[in-house]
*Asks:* 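Can you read through this structure? Questions will come right after.
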Amino acid sequence: MDATVLGAWVATGLTLFIFSFLYKDNPLFKLAEHLYVGVSVGYTIVKAYDTVIVHLIVKPIFEQGEFALLIPVAIGLLMLTRYVPKAAWLSRYAFAFIVGVGSGLAIPRTISSFILKQVEDTVRPVLSLAGGDGVTFSMNLLNPASSINVIIILIGVISVLFYFFFSIEHSGPGKIVARTGVMFLMIAFGAAFGYTVMARMSLLIGRLTDLIEFSDASYGNPTLWLAILTVGVLLVLSRRSSPGEQEK
Amino acid sequence: MCVLLSALVHLGLYVPAAAQSMVSAPAEVRVNDTPNDGGASLTVIWTPSNSDGPDARYQILFGDSGVTDPALLKVIAEFPADTRFVKDVKATWWTRNAEPTWHQYAIRSGKDAELKDGTSYTVAVALRKGDDRAISQLLQAASAPNWFNWNQLNNLILALSFGGIVFYAISHAKRNEIFLRRIPGLDAVDEAIGRSTELGKPILYLTGAHDMSDPSTIAAAVILGRVAKRTAAYETELLVPHRDPITMAVCQEITKQAYLEAGKPDLFKEDSNFFITSDQFSYTAAVDGIMLRKKPAANFFMGSYFAESLLLTETGASTGAIQIAGTDSDHQLPFFVTTCDYTLIGEELYAASAYLSKEPVQIGTLRGQDIGKAVILSAIVLGTALATIGAVTGAQWPSLFLDLFKDVK
Amino acid sequence: MTFSERMLKIDRRIIFLVIGLCTLLPLLYPVGLPIKISSEVRGVYEHIESLPERSVFFISFDFDPASKPELHPQAIALLRHAFRKNLRVVTMTLWVSGTGLADQIVTQVAKEMGKENGKDYVFLGWSPGNTAVIINLGQNLYKTFPSDYGGKPTNGLPVLDGVQSLRDVDYMVSLGAGNPGVEAWYVFGKDKYKFEMGGGCTGVMAPGLYPLLRSGQINGLIGGLRGAAEYESLIGQKGKAVAGMDAQSATHVAIIVLVMICNLFYFSMRRATGRQSQVGS
Amino acid sequence: MIFLRRQLPLLITMVTGLLFAGQYYVPHPSSEQLLTSATKWLQIVGGFALVLGVTSLFHQHAAKIRRKEEGWGYSLVLYAGMLGTIAVGLWANGKESVEGAMTAFGWVYSYMMVPLQGTMFAILAFFIASAAYRSFRARSREAAVLLIAAVIVMMGRVPLGEYLIPLSGDVSQWILNVLNASVRRAILIGVSLGAVALSFKIIFGVERSYLGGGKE
């Protein structure tokens, strides 16, 4: 059999097995799911071996003589001592290095990108001197840089920041600010929910497109046959398990 | 290429002398090492001239040191005379060393001008308008790498002072009681446990996807202690399925301690904390199975979650359980908020855990962050006011403050 | 149990069926509704449009098969655009399980546009270390990737002529499905190495990237399948994203209808119980 | 011994942390050189970290098979999948394609891994719909606001929505660009402060859970 045709059958079968979870958790789903974990772990191991061992360690050291790279190799090996109980403490050196460098790199960069840059962009003049009209206050909602939007963004940032303020009780005027913060949060969550619907539907569309493609006769109609098979197995399984379910 | 360029220079040079009076040579030209960089760059600064305009052009001339004849210099850049001002370069008031209206050009090492640190070069600026051309005096300068980027001074000060605040707050919390506002979600926790007891159904508690090195998992474990104490007191069954063996071991200890403190050590069951698998979807399928079979009256989702969140909470909601979530995974928050009865949003999770644990490090950190937020809040409010004043009056002084919160490289 | 209560507790598998059908039918019988272009997507498109020939365009495919339906069409559209503009395209991935996909995408589009590996484009492959890879690329590209995906040494490739590090990149786009993705490329890359940058991402990530878009930290954002569809329309080569938009329309409207029905039943139920309790008291 | 086991790692964290935080402010070439080397090292160490993550899975399922626990057959499937992938991967030199032609490793990737992973997440499409139907109720004012925002964004993101209610596109754009951006910005600032505080605590040894490795 042609590799592509075989591929179409395998891909279709695995897709349907996983979709069978929608009916309920069943052995077909478990089979596909464990296969998924196995294959992706195997894939990662192969990639790590090829990229790290071959291209980043062996080639530079033996072909270009970059012996300094033996240091990270040693650190990496120290990390693996975690699985030898007696020497597990050696792995701390590796983690100390990684976590230390990581934290050090993060501090100034986080401040620059996520604090200074964000504050800088929030702090904008509310009024502007546009041309010869003198001081203007622009009301255009569709222009994100308009005065009205500058004020809305300001209110949003302040009230949400205030909501995550734990040193003061949310009472009196604080309560109003915190409530505004909650409303802003809810709008953002709603927007995220709406946007995510699209993301999840895209995944479904992607899978269904493949299933439609593989239902073609040139592949031997795998979608049709395997769908029948999956449904059949599910029916048999539910028959067999229904008396047993009472015991559980 | 080189020949062509020098030919161009020659052409420019041998224009009639009389025409030179039309344009004046760029004045007060200064050539220095570009500050705050890794070297291999020179900065040229000069005053604007009254011939500046879109029809006039500036040229930057460059050559080896010791060159005295302008004809031997190479034109490495040419641009309209109404561009390249000091004010166009993003800088702060403490690093700017020329008037904003002056011209500025940075020569970087490249194909046209190869700069070596420590070697001096000859630089000049020419102004060209039509056929007229005037050249400034020839200046010598050498570039050098710098040891500190003064543009990032505000970043450094912010980092140091915020770090200082956090450690001060922690040490303060060790000595004193610090007020934290009560997190309303904690009342919901008690209520949910109460209802489970009434119904005689178990409680399900999840600690999230990450291991104990993640702050959200630590917070989840702390809150588990509180929940376990209540379940012990009410004698309700507690189920805690885990994704990480180490987290499981830690939570077992916490649960045991809670039962001891509640005075019911005999009710503690070793297997109330159990490990399922570390794989995302196998774990989810298994937990969903538990929800459907045991129908817990309350589900708690604390810690860090990924795409599995909706699979869990949707199934939980279908069994009619009270659901309480707490997570800092902001991409999953919308789903928790919609499907759960109460959600601890983001930092509320840490605050709840600090509130319960009373641990000085946690409380101190929270207080330190609060101070940080207060500073940023006031900076934003004050900054907006000053920026508005600046925009309306055209005054420069507000930038003395605004530049402190500018990200300049 | 009232009718409303019963409807609210409907077996969810019925809803699953409705969604399945709403996706399947438009895929089989497409309509082709027009797609409006948003300014976020236009930002990326216009920047690429403004680049002169042989400019260096760097794409990082930071996603895995789980996000293929959203980011694969974005990647294809971007590459088609870049190749059509005769840019030099440098590609890589930070996600190990995305390596195969990235390789497929690059090879496929390059073949379709008649581009030559090593001269017009290069696929550097994957490397571990996440953010460390980004910083290292900013310092020295050849040290980060001594060889490309096919094992050819990167030093001396015509496509990388004059490129030492990220500083020499004219435009960079990260197509990110999570972390590391667009944010990491900004924080550890653009922040210091100052290349112009745009982003593409899944619908889940998109709302979180708007603050970066607002502040100009990224100059454009292609969000999810809709973003991909807009980009496909912009370059005038409709593909999988545009084809999927009809199904999106159907499912979205179906969900909106479901939400409305749910609230209708919910309120009628509440009114019913409210009346009952009044009677009771 | 305690110094080697406990203090020295903390010292390493502190020194490297301060060094690389400080590096940011120093533009000198020697400091840049330091950054280049360190990130190159992290790249290689990152490869080992990946192995570490995989090994625990390895152990878990091996134990399951050894003890013949319930469902050990699935663990066997997992092993078969993993070993099979490794075998074809090494045979293909870790390349999915050579000169545009798919290798056996590429086949496993395209026809097993891609559909498996893709479908796992596609299941969520159904759950999001059922969550929308069963939980999306205007129970309180907050819930109502969330619901309305979600519906508007859903409308505005698809062509049919914009076709039915032309205004929805602009309104959803405004929600995302202004309201959503302001909230995300506040969250970003808050989270970043938390991250910076955590980094400081790690560098100065106040937070040391990352060291792990069992009890003292």
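Everything numeric here is computed off the predicted structure, so don't read it as measured data. Within every chain, numbering begins at 1; the chains are lettered A, B, ... in the order of the sequence lines, protein sequences first and strands thereafter.
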*Asks:* For C/Ala66, which atoms come within 4.5 Å of any heavy atom of chain A: side chain, backbone, both, or neither?
*Replies:* backbone
*Asks:* So how far is it from C/Lys143 NZ to A/Leu56 CG, rounded to the nearest 0.5 Å?
*Replies:* 12.5 Å
*Asks:* With a 4.5 angstrom heavy-atom cut-off, could you sort out which part of A/Phe193 is near chain C: side chain, backbone, both or neither?
*Replies:* neither
*Asks:* For the CD1 atom of C/Ile255 and the CE atom of A/Met198, what is their distance to the nearest 0.5 Å?
*Replies:* 10.5 Å
*Asks:* What distance do A/Asp50 atom CG and C/Trp126 atom CH2 have between them, rounded to the nearest 0.5 Å?
*Replies:* 9.5 Å
*Asks:* Do C/Glu70 side-chain atoms and A/Ser202 backbone N/O form a donor-acceptor pair below 3.5 Å?
*Replies:* no
*Asks:* Quick check on A/Val52 against chain C: is it the side chain, the backbone, both or neither that has a heavy atom closer than 4.5 Å?
*Replies:* side chain
*Asks:* Need one label for C/Ile256: side chain, backbone, both or neither, based on atoms under 4.5 Å from any heavy atom in chain A.
*Replies:* neither
*Asks:* Using a cut-off of 6.0 Å, state whether more than 12 heavy atoms not belonging to C/Lys240 lie near its atom NZ.
*Replies:* no
*Asks:* Between A/Leu22 and chain C, which part of the residue has a heavy atom less than 4.5 Å away: side chain, backbone, both or neither?
*Replies:* both
*Asks:* So what's closer than 4.5 Å to chain A heavy atoms on C/Arg214: side chain, backbone, both or neither?
*Replies:* both
*Asks:* Based on non-hydrogen pairs under 4.5 Å, which of A/Met201, A/Glu120, A/Arg207, A/Arg200 is most in contact with chain C?
*Replies:* A/Met201
*Asks:* When rounded to the nearest 0.5 angstrom, what is the spacing between CG in C/Asp191 and CD1 in A/Ile111?
*Replies:* 11.5 Å
*Asks:* Which atoms of C/Ser127 are under 4.5 Å from chain A, going by heavy atoms: the side chain, the backbone, both sets, or neither?
*Replies:* both
*Asks:* More than 12 foreign heavy atoms under 6.0 Å from NZ of C/Lys238: is that the case here?
*Replies:* no
*Asks:* Considering only heavy atoms, which portion of C/Met205 lies under 4.5 Å from any heavy atom of chain A: side chain, backbone, both, or neither?
*Replies:* neither
*Asks:* Checking C/Thr99 against chain A: side chain, backbone, both or neither under 4.5 Å from a heavy atom?
*Replies:* both
*Asks:* Which atoms of C/Tyr210 come close to chain A, meaning under 4.5 Å heavy atom to heavy atom: side chain ones, backbone ones, both, or neither?
*Replies:* side chain
*Asks:* Checking C/Arg12 against chain A: side chain, backbone, both or neither under 4.5 Å from a heavy atom?
*Replies:* neither
*Asks:* Of the listed residues (C/Pro73, C/Gly224, C/Ala206), which shares the most heavy-atom pairs with chain A below a 4.5 Å separation?
*Replies:* C/Ala206
*Asks:* Applying side chain to side chain contact (heavy atoms under 4.5 Å, CB included) to C/Thr131 and A/Leu105, what does each step give before you reach the verdict?
*Replies:* CA-CA 10 Å; C/Thr131 51; A/Leu105 290 176; 5.9 Å; no
*Asks:* Can you find a heavy atom in the side chain of C/Pro69 that is under 4.5 Å from one in the side chain of A/Thr209?
*Replies:* no
*Asks:* Is it the case that atom OH in A/Tyr49 sees more than 12 heavy atoms from other parts of the structure closer than 6.0 Å?
*Replies:* no
*Asks:* C/Pro211 versus chain A, heavy atoms under 4.5 Å apart: side chain, backbone, both or neither?
*Replies:* both
*Asks:* In terms of heavy-atom pairs under 4.5 Å with chain C, which of A/Ile205, A/Leu211, A/Thr51, A/Ile98 leads?
*Replies:* A/Ile205
*Asks:* Say you draw a straight line from CZ of A/Phe19 to CZ of C/Phe16; how long is it, rounded to the nearest 0.5 Å?
*Replies:* 11.5 Å
*Asks:* Highest number of heavy-atom pairs under 4.5 Å with chain C: which of A/Gln118, A/Lys59, A/His55?
*Replies:* A/Gln118
*Asks:* Using non-hydrogen atoms only, which part of C/Ser39 is less than 4.5 Å away from chain A: side chain, backbone, both, or neither?
*Replies:* neither
*Asks:* Taking the side chain as every heavy atom from C-beta outward, state whether C/Gln217 and A/Ser113 have any atom pair closer than 4.5 Å.
*Replies:* yes
*Asks:* Can you measure from CG (A/Asp210) to NZ (C/Lys68) and round to the nearest 0.5 angstrom?
*Replies:* 5.5 Å
